[in-house]
Every structure is written in structure tokens, then in C-alpha cells.
Chemist: 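Input: one structure, supplied below.
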There are 2 protein chains.
Amino acid sequence: MRHQVTIKDLAKQLNISVATVSRALRDLPDIHPDTKKAVLELAAELDYQPNVLATSLVKSKTKTLGLVVPDLGYHFFSTITKHIEEAAIKAGYSLLITQTQESYEREIVNIQNLLRSQVEGIIISLSRETKNFDHLIRLQKRGMPLVFFDRNSEDILASKVMVDNEVSAYEAAKHLIDNGCKRIAFVAGPSNVSVSNQRIEGYKRALRAHQMKVDDKLIIHSDYYADTATRLTLELMGVKNPPDGIVVVSDRLALGVLVALKQLKLKIPEQVKIVSFNNEPICSVVSPSISSVAQPLETIGKLATELLIEQIESKTEFEPQIRVLKTELVIRESSKRD
Amino acid sequence: MRHQVTIKDLAKQLNISVATVSRALRDLPDIHPDTKKAVLELAAELDYQPNVLATSLVKSKTKTLGLVVPDLGYHFFSTITKHIEEAAIKAGYSLLITQTQESYEREIVNIQNLLRSQVEGIIISLSRETKNFDHLIRLQKRGMPLVFFDRNSEDILASKVMVDNEVSAYEAAKHLIDNGCKRIAFVAGPSNVSVSNQRIEGYKRALRAHQMKVDDKLIIHSDYYADTATRLTLELMGVKNPPDGIVVVSDRLALGVLVALKQLKLKIPEQVKIVSFNNEPICSVVSPSISSVAQPLETIGKLATELLIEQIESKTEFEPQIRVLKTELVIRESSKRD
DNA sequence: TTGAAAGCGTTACCAA
DNA sequence: TTGGTAACGCTTTCAA
């Protein structure tokens, strides 16, 4: 740990004032070329790095954005994070990345840390545990610009970037119907998860639109573990008149469904067809490969970042914007027509 | 954007000095219980958040660590990142996470940004492009504590947390030999990558130790794309006397190898057995599931963080430590004995 | 137990 | 074109 070189050191060595050094470094006008050259050279020689803390403090601006995501272990979040970071950098901001690991407590702590770090705005996708939104309301009370993506709160008025889960699920179910399925089940997430519920709605609408009746016994709620989906699928397929098509709320659970069907020696897609959501890389790697609904990850990340920055930099009151993006069904083996 | 509440605001409203408020907030001794109570209450009411920039500036300590990883899209890095963050938080530090996306340029920029953010130490895994280490040497010149994990530079004296790639590969190859393979190939990465080369060495040693001769034609160098591995594997298997076992340098490439073998209608593991490295979640999900060498991700993350913090907080000159961890071969279908 | 004031590294204003 | 100085929000002496 040695003393880090500051603007004062440069000033002293060159026998000029700190004000002048500061100007030279930022190449402001009104500075003698020679002075500037000398400053720049010495700065390079001493490997001077400006202290952003000091700058931020005087400017009361950090040019930093905060991100709160549940878990970077998910392809979905790590990819969006990458795009958010890229968009932020492009706009001259840096990004503070935090993970909640799906914990409500950590969500609160992370947000608090971001506040203390003086971020100028926050992009967030809520943890699974988050049922109470006081911490977000407080954020808004203090005027902190906020943008949600994916998992959001309906109670909070803020910019949001989402996909149309209802329509996506409608299309996924319709795809199975078009390919000949007569009896379609839905493997959902916990019944309090809005993304899951929206998808159930789309699924139901598709059935009704094609004169198939909705059978609640065919809608099963899993937790987030593939094992659970396997167990539930075994039960699901065990009844008489089992489904010949399954819409699964996520790729992770779809893997569990796949395991069950293989155990039962059911042929995919001949006997049972499957479609799921997220289009993670595994989809194209497992056998049979899984048809899955792809979200526009890059667009989500870019848009969220742009909306946030727009709000930060807007002089007038900013009108929250809700952007609903289209998804794309990627068809693979698991749902191929016979 | 409204004015954020500061220690001054609290002081003014309570008609006391900022010094007293500061003391109350940090509950230092020598403060009247009533004063303290009043301060804490008002702070809560106004949702006061300390400005870490200011604190860090006066203390010239940020209690922040910097992390530079190639790509959070890899399970390997996102998992280690999670453990690093956890270890950092536990020790009272926060973490600035940056990704290079395998770019040398971005590695330099990221490090510079971390410096400007006044991190007290840096944990890094080098980008693929990084061949020149001047930026790291500069880091050390200014006394910045540095810890490498996984991809490191042999030229730099610093703490490192790694696994024994040579031994891991020896064991992987031995496993194939034990299970009856007579002719074993190695699908490697680019020939300038040290991790890959260390694994080749282990593979060679295993063959020699078991009276099998090393045939350079059986060692093929792929890039990082599964497609390339597929193409090269097709060539590899096309010759007369093709291998009956393949050690693959990474799971990603193993997937490509799998595709080739399936195309050739070769039975796995009956006709060809496979072992790879990293033990990503896909390994257990593909069919056949892939035997793979698991790295102790949690230990790597924790250890790297602890070494770094130890160095930061050590009063005396810190002796760099190289820690070489053991791996564990997770056996699955792809290498099962007939 | 409390307050005044200096200082952390930088910027920005005013004066020279 | 340059310098002096107040200020950013906080901590830390030193004195009261």
C-alpha cells in the first residue's frame, strides 16, 4: 500500500496549481499547450488515475447504474446483464451488479448498498421471495429512477420491460394444437408467480380458441426444481387418458418433464410433444432438443438501460414507460409433427 | 432528483453538530443516550443513507474488491463469482464485478475503472486474448493486491488459486483406460492455452504409465466452438483404427464431439467413451450424460477472496500464495464400462 | 458529552 | 492562461 498519486502531487512537481492540473487533465479550453503537455506527460509517467470518489462527490453525480438480479447462474439473467452493461458503458455509465440469490432480505440489502454507493438509477428483476414492495416504494419516494424487467410488481408505477407472456403461451399451445395434439397439459410454476399465471392464461385461451376444453387436472403447479416436475409428470401421465402435449413454464422444468417421459418410455415427439420457455442453450443440446419460446434478451437489456438513462437525464418529470416485447418460438425436435 | 439527506441536515434539524451526528450514527462511545436516540430516530424517519463516497474519501479505504472475469455466461465463472461475492460480503467488503468478454482491450479498461473506483484489491481470471501482462505489472507496481484464479500468468508473481490440470487429466485418461479403452484421443483447445496444454500433459503421462504409446495424430486442437469440435471429431474418427476413448478439454467441446459421434452412429459408451472437464449442469442433462471433471468452485471463490483480503489487511509484506486444488471426476453414462 | 475545524481528492467559481 | 478557494459529505483530531 503506497500513497496513490493525486492531482496535488502533479501540481507540486510541476510547480503549478491544482486547478491548472485539473484543467489540463480534462482538456478544458484556456490552457497553454505546453502546460498541458507537461501535465499529461507527468501523469502518464506516474500512472496517475483520477479518484472517481472525489469527482463524484463534488459533482454529486456518479454516472453509475445499479442492477439487482436474482441469480447470475441463470442464462437468462447473465445474458441480460451482459447487454445492460454494454448499453451502460456505451452511454458513459458504469454498472454495479448485485445478486439477490432469490432472497428478499438480500434484495433490500443490495438496494441499500446501491443507494449508499450513490447510483443514479436502478434496474431490477425481483427475487422470488419478494411479496412486499415497501423497499421499492421508498426508492421512488427519494426520487430514484427505477426500471423493472421480467419479474416486476404490478403495484408500482415505474418503467417496465417485459414480454407478453400471455401471447407467448397462446402461441406455444397453438403450435402443439397445430401439430396434432388433442389433449394438452401445462406444467406451471408456483401459483403465486405472475409470469407463470400469465402463461397459464394464454394456454387456456389457445385451448378455448380451438374448441378444446380446459381441464384443471391438466394444469399442475411445480416448484423450481426439475425433480419436482419429474415427479408431477409421472403422476400426470399415470392417469387414464393422459395428455399428448405439454407446455412447460420453463426449460429447467422441461428437463424434468423429459426425464419422466423417458422413464415411461414415451416417445417424444411421437407420443407426447413438448414446448417450453426461455430458450436456454440446453434446449438445443438435449435429446430430443426442446422447442422453446425465446425472449429478446439483448433488446430487454438495452431497452431497460435506455429507459433508465432517459429518466435519469430528463429534466422534466419522466413518464414511466411499459414496453411489452414479442417473443419467438424456436421449434425443435420435441414438438415436431409426426 | 431531490436533495439527498445528509448528516448536515440531521444536525441542523436537531440543533447539534455534524460531529455528534456522525458519532451517534456509528454508535461510538461518549455520546448521550438521548442524543443518540434522537439522531437515530430522525435518520430513520428521513431514510438517511450514508454516502459511501464521502466516507471512503476521508478514510481512503473503500472496503471494495474488484473482480475481472471473462464471461458470466459461463457456468464456471458465474458460480465462482457468486462465491466470491459471498465471501467478500462476509468479510465486510463489497464487490465490483466486471466482464471482459474475452477481450484484452476490455480487460485493460476494466482494470483501469476498478482502480479509479478505488478498489482495494483485484481478483482476476485472464481473457483469452491476453498475451501481454504489462497492465498487471503496473497494477503490482502501484501495490495493488492481486489474486488470479483459473487463467493466470506464469510471468507474474502473485497469489493464485488453481486446480491441478495435469493430475485431473491424468485421472480422466486413466479412468478411460481402466474402463477398457485401448486407443484414446484428446480434443484440446488452442495450442497456446496453458490450461489445455497442462491437460494434454496429464493425458500423455497416463498413457505412458499404462504402456500405451502417445500418438500425436490423436491429439487435436479445436477452437472454442462446439461446431469445430464436431468437424474435427468427424475427421478424427474417419481414419482407420479410430480411437475408442476421447478426453475432451471442456464440456462445451464435448457436446460438439457428441454430435459427431451421433452422426457417425457410434454408440456411447459402448464403442467410444468420453470424459470432459468442468462438470457444467448440461453434463447431467444430455443423453448420454457426460462424465466430467468437477472443479471445487466454492473453494476457488472463497479461497481467492480470502487470500486477497488477507493481503489487503496484512501489515507486513505479503507472501504470494499458490494454492492448487483437487478436482473430482464425476462419472456418468458417457464413460461407463460395458 | 459536545463542537469547531481540518482534511480526503476533485471541481468550479472568481479574481488576477 | 493561471491561481486561490470554497465546496461535495463525511471522519477525526483537539479543545471546550
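Reckoned from all heavy atoms, side chains included, excluding hydrogens, waters and symmetry mates. The sequence lines fix the lettering, A, B, ..., with proteins before strands; numbering per chain opens at 1.
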Chemist: Any side-chain N or O of S17(B) less than 4.0 Å from the OP1 or OP2 oxygen of dA4(C)?
Modeler: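 Checking dA4(C) against S17(B), no side-chain N or O comes under 4.0 Å of OP1 or OP2.
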
Chemist: Apply salt bridge (Lys or Arg N to Asp or Glu O under 4.0 Å) to R106(B) and E129(B), showing your working.
Modeler: CA-CA 10 Å; R106(B) 283 194 56 178; E129(B) 282 181 18; over 6 Å; no

Chemist: Take the protein atom NZ of K59(B) and the nucleotide atom P of dG9(D), then report the distance between them rounded to whole Å.
Modeler: 18 Å

Chemist: Tell me: CG of L53(A) to C1' of dG9(C), nearest whole Å?
Modeler: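 After rounding, the reported distance stands at 9 Å.
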
Chemist: Tell me which residues in residues 24-34 of chain A put a heavy atom below 4.0 Å from DNA chain D, sorted by number, or none.
Modeler: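 Under 4.0 Å from DNA chain D: D30(A), I31(A), H32(A).
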
Chemist: Which of these nucleotides, dT11(C), dT1(D), dC8(D), is closest to any side-chain atom of I7(A)?
Modeler: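 The answer is dT11(C), which lies nearest to the side chain.
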
Chemist: Checking side-chain polar atoms at under 3.5 Å, does S103(A) have a donor or acceptor matched by the opposite partner on T100(A)?
Modeler: no

Chemist: Nearest whole angstrom, please: distance from the P of dC10(D) to the CZ of R116(A).
Modeler: 11 Å

Chemist: More 5' along DNA chain C: T35(B) or L57(B), using each one's nearest nucleotide?
Modeler: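 Of the two residues, T35(B) wins.
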
Chemist: Any heavy-atom pair between the side chains of N51(B) and R116(A) that's under 4.5 Å?
Modeler: no

Chemist: K36(B) has an atom NZ; how far is it from atom C1' of dT2(C), in whole Å?
Modeler: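 Roughly 16 Å, once rounded to whole Å.
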
Chemist: Which nucleotide in the list dT11(C), dG3(C), dG7(C) gets nearest to the side chain of S22(A)?
Modeler: dT11(C)

Chemist: If you define the side chain from C-beta out and look only at heavy atoms, does anything of F76(A) sit under 4.5 Å from Q295(A)?
Modeler: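 A side-chain contact exists here, since the closest heavy-atom pair is under 4.5 Å.
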
Chemist: Tell me whether E120(B) contacts the main-chain N or O of I312(B) through its side chain, where contact means a donor paired with an acceptor under 3.5 Å.
Modeler: no

Chemist: Nearest heavy atom decides the nucleotide; on that basis, is P50(B) or R23(B) closer to the 5' end of DNA chain D?
Modeler: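 Nearer the 5' end of the strand: P50(B).
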
Chemist: Run the side chain to side chain donor-acceptor pair (under 3.5 Å) test on T130(A) and S127(A) for me, step by step, so that the C-alpha distance in whole Å, both residues' side-chain angles and the decisive distance to 0.1 Å come before the verdict.
Modeler: CA-CA 5 Å; T130(A) 304; S127(A) 93; 2.8 Å; yes

Chemist: Would you say R142(A) and L115(A) make side-chain contact, with heavy atoms under 4.5 Å?
Modeler: yes

Chemist: Tell me whether the OP1 or OP2 atom of dC8(C) has a side-chain N or O from K8(A) closer than 4.0 Å.
Modeler: yes

Chemist: What is the distance, rounded to the nearest whole Å, between atom CG of N51(A) and atom C1' of dC10(D)?
Modeler: 14 Å

Chemist: Using atom CG of N15(A) as one end and atom C1' of dG4(D) as the other, report the distance to the nearest whole Å.
Modeler: 16 Å

Chemist: Using atom CG of L14(B) as one end and atom C1' of dT2(C) as the other, report the distance to the nearest whole Å.
Modeler: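 Going from L14(B) (CG) to dT2(C) (C1'), I get 14 Å.
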
Chemist: Applying a 4.0 Å non-hydrogen cut-off, can you work out what I16(B) is touching in the nucleic acid: base, sugar-phosphate, or nothing?
Modeler: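 Sugar-phosphate only.
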
Chemist: T20(B) has a side chain; which of dC8(C), dG3(C), dT10(C) sits nearest to it?
Modeler: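 Between dC8(C), dG3(C), dT10(C), the one nearest the side chain of T20(B) would be dG3(C).
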
Chemist: Identify which nucleotide among dA12(C), dT11(D), dT10(C) has an atom closest to any side-chain atom of A19(A), counting heavy atoms from C-beta outward.
Modeler: dA12(C)

Chemist: Nearest whole Å is fine: how far is dC10(D) C1' from D9(B) CG?
Modeler: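 About 13 Å, once rounded to whole Å.
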
Chemist: Categorize S56(A) for me: base, sugar-phosphate, or nothing, with a 4.0 angstrom heavy-atom threshold over every strand shown.
Modeler: nothing

Chemist: So S159(B) and L146(B), do their side chains get closer than 4.5 Å, heavy atoms only?
Modeler: no

